[in-house]
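Within every chain, numbering begins at 1; the chains are lettered A, B, ... in the order of the sequence lines, protein sequences first and strands thereafter. This one's a predicted model, so the numbers in the text were calculated from it and none came from an experiment.
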Amino acid sequence: MLLDISEISPYNFSIVEPKWQEFWYKNQSFKSTFDLRKPKCYVLEMFMYPSGKVHIGHVRNYTIGDIIARFKRACGYSVLHPVGWDAFGLPAENAALKNKSHPKEWTYKNIGIMRKQIKSLGFSYDWTRDFATCDPRYYEFQQKLFLAMYREGLIYRKKSAVNWDPVDNCVLANEQVVDGRGWRSGAIVERRMLAQWFIKITAYAEELLSELHNLDDWPEKVRIMQENWIGKSEGCSIKFKINGEASITVFTTRPETIFGATFLAVSPDHAIVQELSHSDEKIRKFIDDYKKGSVSAEFLEKQEKFGLDTGIFVDHPFLKKKLPVFIANFVLMSYGTGAIFATPAHDERDYEFAVKYGLPILEVIRPDEDAPDKRLPYVGSGGTMVNSDFLNGLSIPEARKAIIDKLCEIGVGERKKFYKLRDWGVSRQRYWGCPIPMIHCEKCGLVPLKDEDLPVLLPDDVAFDNPGNPLDLHATWKQVKCPQCGCDAVRETDTLDTFVDSSWYFLRFCVNDHENPNLLSPDDIQQWMPVDQYIGGVEHAILHLLYARFFTKALADCGFIKIREPFKNLFTQGMVCSVTYQKENGEWLSPDEVTRNLEGIMEETTTGEKVIVGRVEKMSKSKKNVVDPDIIIKNYGTDALRLFVVSDTPPEKDFPWSDEGLEGCWRFINRLWRLFVFSQSQGVCASECGHDLNIDGLKDNVREVYKAFHRTIKNITNALDERGMNRAVAHIRDCVNSLYSCLNDIQENKPVFSVIIRDLIKLLSPMVPHICEEAWSMLGFENLVSDHDWPSYDEKYLAKSTITLPIQVNGKLRGSVEVAVNDPDHVVFQKALAIDNVKNIIGTTKIKKQIFVKGKIINFVV
RNA sequence: GCCCGUGUGGCGGAAUGGUAGACGCUACAGACUUAAAAUCUGUUGUUCAAUUGAACGUAGGGGUUCGAGUCCCUUCACGGGCACCA
């Protein structure tokens, strides 16, 4: 009795999916054990902030990771695929303020909710390694790392310019300053010098930069971004004498322009300015005005250049000439030496400043004749030195070398490198973060805690109703005895930037807490590190990825670990986007608030008001174009969702959400299901797989399907190796389509189809694991498909015996011929020339040249 | 301003320098059905011819090549990063 494929009932994902999720979880199916006999593969997705809800972006990120993890596992790797929570941070405190809850409670509750959501997505995680950064076990160890880095001289405290919110009494990150005002209080942000904790990332600037070139498996884009961020420039420092005694040292990358220097400019934060301000009212006022400006980049951008003559003069090192020294707001204390010599003729900023204050402009580079723009300021790289004493007539590179040599020789200059990279300010005047294990003692100064006195636990009894840091306001928490002298002292009340928490979590995952109490057990780390595949959003290209690289190097130098680069292969996935709808008054509408009317125009369902269909933009709550994964899973199942987020669009590109596309994946899941059920009814099962296959005896179409299947295995394997999930899905669909075209032949060819179906399930399992496990057990296969090897293909089936050879005349396609692969050339040409179309076009013209690329193409040139 | 990336049907996208548009979505048609949905099977770059075919076609212009979406030069558009960095 034949089963009618159209009568197979739909795939019941709502029973099947939870069943397998439960099974995997209970049996710890994806627990990682290191196996020396296998190559290892550490697959990691950037861990999640427990905001309370998993969004589609997470789903895409983790699905990509899960596909890689499952694929690698099947390919015989011993895989580590962990999951955890980046749990400290400001939103928990904001929520606490709003809901009168405790950040801890809020955070762990959210983790609970999200853990459940993540489980419903069927990811192959090793749940035994799950942890949150706010677990005392985790942050205690972080304090230990902090102390080690402090001992190593990598951590210091220094006054630094910060954005200060005078209403909230706290420091704001640059991102939290909007139009010069605090984002929450609305108060005008001040620029303040404040004592802050810093980690000396600049000590690693050179290594962070040079090692980038070895990160071959990182996106070029990210490497360039980091390179620019580190921003190395090479040049030299030059000492300018004041009255033959004191001096000002400047840094320049254009020392060859020194004969065009007409003044010096120093930062308002420069030591010499501080000194002068004591005795000079005008300078004091200038500094006050300057300080009113924020340090935020956005604010600085709008600012005009302004300056003040100090009245001081310095000697030009080569000319009997004095240069005036100006204070200028565009000179940054944080870069170089905080002082420059200005050559207005060849620098845009110097030029603008010189024009404004009527300072001389002296040309020292004559542009080449063919230079596109010879106007001053001339900043081109070509030209000849003029008005420059012994440099006259030299090219710029020649002059640069000559002048540096000379400066070094006479002892006023030195070759120098400078970096844009700044030290990492990690102090946060917040409660919900890792406490800094330091003590302020009046007698002893800064005293680090001893390792054995750790952890410094966060107190639970804190209040959030006052502005400022709850730790600082706590009645007793900060009172402590100095570990050195035993006197009364106070704890540091700043907590660590949460980027610190995420700078070493990947190391922590290597160690199974339950099995090894040493959280950075060197053996475990040596086994698993580096992360073989790291996956996350490109928005972390600089901060997180740079901090994590730095931390790894620093911890290596502190003796904790041996590796120096954490992430071997980095993959940055695109954002999930969706169309936006907006009313004419600008109000955003969600997709279920709009309908297409009879004329095909979008309108608001309730009011009939006209709706503007906006751009496809990143999903965000404010634009109301978000999609809730829970609802999708409820209606279509996890497999359909997982399949959808990786089909059609390459994972590195932005993904345009579409309900129709999702429907398509749902249809495909059912199409698979019907294939499996129908095949089973035709006798396809595990026990049919044992037979030796005699390919030659098969009917032509079945043999072709079998051979094509080997190509499918190859194509999918290659696609997944290159992380082209969209291509893998396309090949799978193509393959399923061709299986559908020979459904009638299944019963007669049970062994062949059993093998095909078995391997098809394996090929599908990284993407849609639930339906695969179900089909696997339904067809009588043993264990889990997740435990089985990846199918292999046989090269001998890849070769085609006949091919369709395209025939071109003068590079234009004019037809094609079926030829056997082993046809001799003259036979192939004969066939090609016999095509009517080809004959007509060539006619009696002489063939000048014939190109035959075997197996590819023939081209006649006439 | 500087640096990087991208540009292919109505849409998402395929294509080691070798038949451009695989696969999917949308749309249309046929089969099944009393009917609809679902399913199965087709068609779907544009313009002519209307069967077989022809011309055009991978942002625009130029070049290399027997042959270019792919390599080189150039212009434009969009996206991203950095931005007083001396």
Answer yes or no: is there an ion pair linking [X] with [Y], defined by an N-O contact shorter than 4.0 Å?
X	Y	value
A:Glu722	A:Arg727	yes
A:Glu352	A:Arg349	no
A:Lys239	A:Glu414	no
A:Glu617	A:Lys623	yes

base_contact_polar ([N] base, [X] side chain, donor-acceptor, <3.5 Å):
X	N	result
A:Lys848	B:C66	no
A:Lys856	B:U16	yes
A:Asp648	B:G24	no

To the nearest angstrom, how far is [X] atom [atom1] from [N] atom [atom2]?
X	N	atom1	atom2	answer
A:Asn810	B:G18	CG	C1'	15 Å
A:Leu332	B:A83	CG	C1'	11 Å
A:Ile258	B:A86	CD1	P	17 Å
A:Glu660	B:C25	CD	P	11 Å
A:Ile803	B:U19	CD1	C1'	12 Å
A:Lys653	B:G7	NZ	C1'	9 Å
A:Glu227	B:C3	CD	C1'	10 Å

ask   = Is there a Watson-Crick or G-U wobble partner for B:G24 with both distances under 3.5 Å, and which nucleotide is it?
value = B:C11

Expressed as a whole number of Å, how far does the [atom1] atom of [N] sit from that of [M]?
N	M	atom1	answer
B:C85	B:A15	P	42 Å
B:G69	B:G62	P	15 Å
B:G79	B:C84	C1'	25 Å
B:U70	B:U65	P	16 Å
B:G13	B:C23	C1'	9 Å
B:C32	B:A20	P	39 Å
B:G63	B:U8	P	24 Å
B:G21	B:C11	C1'	13 Å

Just checking [X]: base, sugar-phosphate only, or nothing, at a heavy-atom cut-off of under 4.0 Å?
X	result
A:Val861	sugar-phosphate
A:Gly231	nothing
A:Ser647	nothing

Please state whether the phosphate of [N], meaning OP1 or OP2, lies under 4.0 angstrom from any side-chain nitrogen or oxygen of [X].
X	N	value
A:Lys221	B:G80	no
A:Arg422	B:C85	no
A:Asn859	B:U19	no
A:Arg223	B:C4	no
A:Arg814	B:A54	yes
A:Asn737	B:A22	no
A:Arg667	B:U26	yes
A:Thr337	B:A86	no
A:Lys812	B:C56	yes
A:Tyr419	B:C85	no
A:Asn726	B:A14	yes

ask   = Checking A:Lys305 against A:Phe330: charged group under 6.0 Å from the ring centre and within 45 degrees of the axis?
value =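 Yes.
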
ask   = Where does B:G80 fall, syn or anti, if syn means a chi angle no more than 90° from 0?
value =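 Anti, since the glycosidic angle lies more than 90° from 0.
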
inquiry  = Can you give me the closest heavy-atom contact between A:Gly336 and A:Phe251, atom names plus distance?
reply    = CA-CB, 4.2 Å

key: Polar side chain donor-acceptor pair, A:Glu818 to A:Thr804, under 3.5 angstrom   =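 Indeed, the side chains of A:Glu818 and A:Thr804 share at least one donor-acceptor pair under 3.5 Å.
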
request  = Check the side chains of A:Ser14 and A:Asn12 for a donor-acceptor pair under 3.5 angstrom, ignoring hydrogens and angles.
outcome  =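 Yes, A:Ser14 and A:Asn12 have a side-chain donor paired with an acceptor closer than 3.5 Å.
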
message = Quick check: on RNA chain B, is the nucleotide nearest A:Asp347 upstream (toward 5') of the one nearest A:Ile851, or the reverse? Name the residue that is more 5'.
response = A:Ile851

key: RNA chain B: 5'-proximal contact among A:Asp350 and A:Met225 (nearest heavy atom)   =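 Looking at RNA chain B, the more 5' nearest nucleotide goes with A:Met225.
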
